[in-house]
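This report concerns only the one structure given below.
Just so you know, these numbers come straight off a predicted model, no measurement behind them.
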Amino acid sequence: MAQGNASKKIMVLNRLVLGSSITPLQALEDFGCFRLASAIHDLREDGWIISTNTGRSKTSHFAVYSLDMIKNKNRIKTYIKQLEKKAKS
């Protein structure tokens, strides 16, 4: 994965770890991420359990991704500890 894509993957993961869901439009507006599905695929390959639901607007259907907070509980704790360690150094 290219460096820019890796940083977008991290931004998506950070959003999900905070308990928020994310849609392709939010990823584009917030992070400039045109390929949210690719970032989600990579996160799943890394072992994160992410659910996909379908959102609807008046004219379209779209993916809504969220992190399974219970099944990822230990991963989330480890991830937050890594972030805290980075912040201190």
- Item | N14 vs L83 side-chain heavy atoms within contact, under 4.5 Å | yes
- Message: Name the residue from I22, I10, L36 that meets the side chain to side chain contact (heavy atoms under 4.5 Å, CB included) definition with F31.
- Response: I22
- From L67 CG over to S20 OG, what is the distance, rounded to the nearest 0.5 angstrom? 10.5 Å
- Query: If you draw a 6.0 Å radius around CZ in R75, do more than 12 non-hydrogen atoms from other residues or ligands fall strictly inside?
  - Reply: yes
- By salt bridge (Lys or Arg N to Asp or Glu O under 4.0 Å) - contacts of D30 (at least two apart): R15
- Task: Is it possible for you to say whether L28 and L16 belong to one hydrophobic cluster, with membership spreading through side-chain heavy-atom contacts below 4.5 Å?
- Result: no
- Message: Could you check whether any side-chain heavy atom of Y79 comes within less than 4.5 Å of a side-chain heavy atom of N74, counting everything from C-beta outward?
- Response: no
Side-chain donor-acceptor pairs under 3.5 Å in residues 45-52, sequence neighbours left out?
{"residue": "D46", "atom": "OD2", "partner": "K9", "partner atom": "NZ", "Å": "2.7"}
{"residue": "S51", "atom": "OG", "partner": "S66", "partner atom": "O", "Å": "3.4"}
{"residue": "S51", "atom": "OG", "partner": "S66", "partner atom": "OG", "Å": "3.0"}
{"residue": "T52", "atom": "OG1", "partner": "R44", "partner atom": "NH2", "Å": "2.7"}

Table please: side-chain donor-acceptor pairs of residues 58-65 below 3.5 Å, with sequence neighbours left out.
{"residue": "S60", "atom": "OG", "partner": "S57", "partner atom": "OG", "Å": "3.1"}
{"residue": "H61", "atom": "NE2", "partner": "R56", "partner atom": "NE", "Å": "3.2"}

- Cluster link L43 to I80, ILVMFWY, side chain under 4.5 Å: yes
- Student check: side-chain heavy atoms of I70 and D68 closer than 4.5 Å: yes
- Under a 4.5 Å cut-off applied to non-hydrogen side-chain atoms, are N72 and V17 in contact? no
- Item | Polar side-chain atom of E29 near backbone of Q26 as donor-acceptor pair, under 3.5 Å | no
- Item | Separation of H41 NE2 from R35 CZ (nearest 0.5 Å) | 10.0 Å
